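Remarks on the structure that follows.
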Amino acid sequence: MVTAVILPAVARLKEPKRRITLFERAEGRFAGQTKIFVTLAGATGVYMTHRLGAWDRFLDSGYWWMHAMVLVLTVFTVALFVAEPLFLHAWSLRKAKRLPDSAIALVQRPHWALLSVSLVTICAAVLGAHGM
């Protein structure tokens, strides 16, 4: 939602200084929900792996998509729970003040990259879980 809807809408605003303010407000409303759902995704992944006795799949390169799921979840977790509160939030605000025209583009790139990697991982996991 943030990557595909809010960021493009914010980027189209005529006033560069309003872009980061609007983005901060919108993202702030999603942050709590995102933290909950990332935590639930990780917990259900661990539960399913345990319940299915599938830990050995991490030793098989044919199940590379399981490694990709863990990697994507780890990136989300570190970004949401560590990097964003420690330095990303302050860094993006400093960039927005110094370079208001390009601040949203700096925020958009990693969002789109992570969404793209996530979608590839989801597709691979679905295919892998169905024996392909």
Side-chain angles (χ1 to χ4, degrees):
M1 178 70 172
V2 169
T3 304
V5 177
I6 294 172
L7 277 169
V10 167
R12 285 191 288 273
L13 287 175
K14 299 242 186 280
E15 284 183 59
K17 291 181 181 181
R18 287 195 58 222
R19 291 177 192 156
I20 202 72
T21 304
L22 182 58
F23 174 69
E24 288 285 315
R25 278 194 215 144
E27 188 182 44
R29 298 188 78 141
F30 283 95
Q33 294 173 30
T34 304
K35 288 178 182 178
I36 290 168
F37 290 120
V38 166
T39 302
L40 283 174
T44 56
V46 169
Y47 174 77
M48 287 173 58
T49 303
H50 176 72
R51 182 87 169 135
L52 294 172
W55 294 106
D56 59 324
R57 292 181 183 179
F58 285 104
L59 301 173
D60 184 347
S61 62
Y63 291 98
W64 64 270
W65 48 270
M66 288 183 67
H67 298 90
M69 287 192 302
V70 171
L71 179 64
V72 167
L73 187 64
T74 301
V75 171
F76 271 107
T77 301
V78 169
L80 289 169
F81 291 99
V82 179
E84 207 277 333
L86 288 179
F87 66 88
L88 276 181
H89 183 79
W91 176 82
S92 64
L93 290 177
R94 282 194 310 272
K95 283 287 188 186
K97 287 178 184 173
R98 278 197 354 234
L99 304 165
D101 290 332
S102 62
I104 289 298
L106 289 171
V107 172
Q108 279 182 307
R109 285 185 200 111
H111 275 83
W112 278 109
L114 193 52
L115 178 61
S116 299
V117 170
S118 296
L119 290 174
V120 168
T121 300
I122 290 167
C123 291
V126 168
L127 292 173
H130 287 90
M132 297 189 166

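Everything numeric here is computed off the predicted structure, so don't read it as measured data. Every heavy atom of this structure was used, including side-chain atoms; hydrogens, water molecules and symmetry mates were not.
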Approximate separation, where rounding is to 0.5 Å, of L99 CG and L106 CG: 7.5 Å

Over all atoms of both residues, closest heavy-atom pair of A11 and R19: O-NE, 3.6 Å

Nearest atoms (heavy-atom pairs only) where E24 meets S92: OE2-OG, 4.0 Å

Closest non-hydrogen atom pair between G45 and T49, with its separation: O-OG1, 2.8 Å

Same cluster (ILVMFWY, side-chain, under 4.5 Å), Y63 and M48: no

Under the side-chain contact (heavy atoms from CB on, under 4.5 Å) test, residues paired with K35 that sit two or more places apart: L80, F81

Heavy-atom closest contact (A79 atom, P85 atom, distance): O-CD, 4.2 Å

hydrophobic_cluster_shared for V117 and F76, side chain cutoff 4.5 Å: yes

Criterion side chain to side chain contact (heavy atoms under 4.5 Å, CB included) against L73, the qualifying member of V78, V46, T39, V38: V38

Nearest non-hydrogen partners of G62 and W65, listed with the distance: O-NE1, 3.8 Å

Whichever hydrophobic residues join L52 through chains of side-chain contacts under 4.5 Å: none

Test item: E27 and V107 side chains (from C-beta on) under 4.5 Å apart, heavy atoms: no

For the student: nearest non-hydrogen atoms of T3 and L7, plus distance: O-CB, 4.0 Å

Residue pairs, two or more places apart or on separate chains, that pass ring pair (Phe, Tyr, Trp, His ring centres under 6.0 Å) and touch residues 39-61: F58-H67

Minimum side-chain heavy-atom gap V2-F23 below 4.5 Å: yes

